[in-house]
**Q** 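This is the structure I want to talk about, given as structure tokens.
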Amino acid sequence: REAQRTYERGFELASGQGTTPLRGAGDMHTGMAELALESNDLDGAADHLLASTQLDEKGAGLPQNASRRRIAAALIRAAEGEADAAIGLLIEAERTYVGEYFPIVRPIPALKTRIRIAQGRVADGINWVAERGLSVEDNLDYLSEFEHVTFARVLMAQSTATTDDRPMRDALALLDRLLAEAEAGGRQRTVVEVLVLLAMARHALDDDAAAL
């Protein structure tokens with residue numbers, strides 16, 4: 001709610017200086033679309049992205065907005081079950097990416113990997129893990145957290161596809177460590193996601209009491 005109010009105030013400032021919106025007005029709508037996605041308001045997110053696109057066409061978007069807007073659109077498509085369309089938008093997001101002043105904590109390749117393993121393309125996930133050189137023994141930190149949670153998802157998908165429980169047990173060990181790190185850092189979004197994955201992993205290993 002605080003983020004929503006900040007974006008709304010930012011949009012008021014960016015659009016209230018005469019007839020031409022200031023640069024950045026489009027970015028405010030992209031931010032509001034991202035928040036709408038968090039509450040599963042797909043229609044609201046789409047409306048904000050349309051407004052963002054229209055403002056970008058008028059020159060009221062910062063250079064980074066083109067990529068951010070496509071990532072948000074991809075997440076809408078993924079939520080609607082349009083995986084191929086989502087991947088296409090993420091590829092466009094990579095093509096239009098312009099460097100930011102802060103680190104990327106949700107890299108586009110990791111987002112693509114999540115969508116692909118949800119499609120059952122486990123080999124693509126395994127290839128991404130190899131390219132990134134990820135290991136269950138890695139040191140964990142905030143900057144790599146999203147990738148390591150994605151890695152755990154790949155291990156779980158691999159275990160399900162092969163009926164080999166070793167990747168699932170590896171995922172469980174990694175998730176336990178990720179949970180401790182996220183709880184210590186107060187990152188509730190990751191805490192919730194990891195708890196859900198832990199429940200799924202425990203269930204897959206026939207430990208329903210722990211899963212519940």
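As a basis for the values below, the full set of heavy atoms in this structure was taken, side chains included, without hydrogen atoms, waters or symmetry mates.
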**Q** Looking at R166, I'd like to know if its CZ atom is crowded, meaning that more than 12 non-hydrogen atoms belonging to other residues, nucleotides or ligands lie closer than 6.0 Å.
**A**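 Not buried by this count: 12 neighbours or fewer within 6.0 Å.
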**Q** Check whether any side-chain heavy atom of K112 lies under 4.5 Å from a side-chain heavy atom of R116, and answer yes or no.
**A**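 SC-SC contact between K112 and R116 confirmed.
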**Q** Regarding D208 and R202, does a basic nitrogen lie under 4.0 Å from an acidic carboxylate oxygen?
**A**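 No, this pair does not count.
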**Q** Tell me whether S159 contacts the main-chain N or O of D164 through its side chain, where contact means a donor paired with an acceptor under 3.5 Å.
**A**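 Pair found, side chain donor or acceptor close to backbone of D164.
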**Q** Cut-off 3.5 Å, side chains only: do S144 and D141 have a donor facing an acceptor?
**A**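 There is such a pair between these side chains.
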**Q** Is any side-chain N of the basic residue among R5 and E8 closer than 4.0 Å to the acidic one's carboxylate O?
**A**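 A salt bridge is absent here (no side-chain N lies under 4.0 Å from a carboxylate O).
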**Q** Could you check whether R114 pairs with E193 (Lys NZ or Arg NE/NH1/NH2 to Asp/Glu carboxylate O, under 4.0 Å)?
**A**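 Salt bridge flag = yes for E193 with R114.
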**Q** Decide if atom CG of D43 counts as having more than 12 heavy atoms of other residues, nucleotides or ligands within a radius under 6.0 Å.
**A** no
**Q** Can you confirm whether D27 sits close enough to Y7 that some side-chain heavy atom of one is under 4.5 Å from a side-chain heavy atom of the other?
**A** no
**Q** Compare all side-chain heavy atoms of Q54 with those of L50 and state whether any distance is below 4.5 angstrom.
**A**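 Yes - at least one pair of side-chain heavy atoms lies under 4.5 Å apart.
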**Q** Looking at side-chain heavy atoms only, is the closest gap between P109 and E94 below 4.5 Å?
**A** yes
**Q** State, with a plain yes or no, whether a side-chain heavy atom of I108 is found less than 4.5 Å away from one of S67.
**A**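 Yes, their side chains come closer than 4.5 Å.
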**Q** Using a strict 4.0 Å threshold on nitrogen-to-oxygen distance, state whether E38 and R189 make a salt bridge.
**A** yes
**Q** Please collect all ring-ring contact (aromatic ring centres under 6.0 Å, His included) contacts where either partner lies in residues 37-57, sequence neighbours excluded, each pair once.
**A**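 Found H29-H48.
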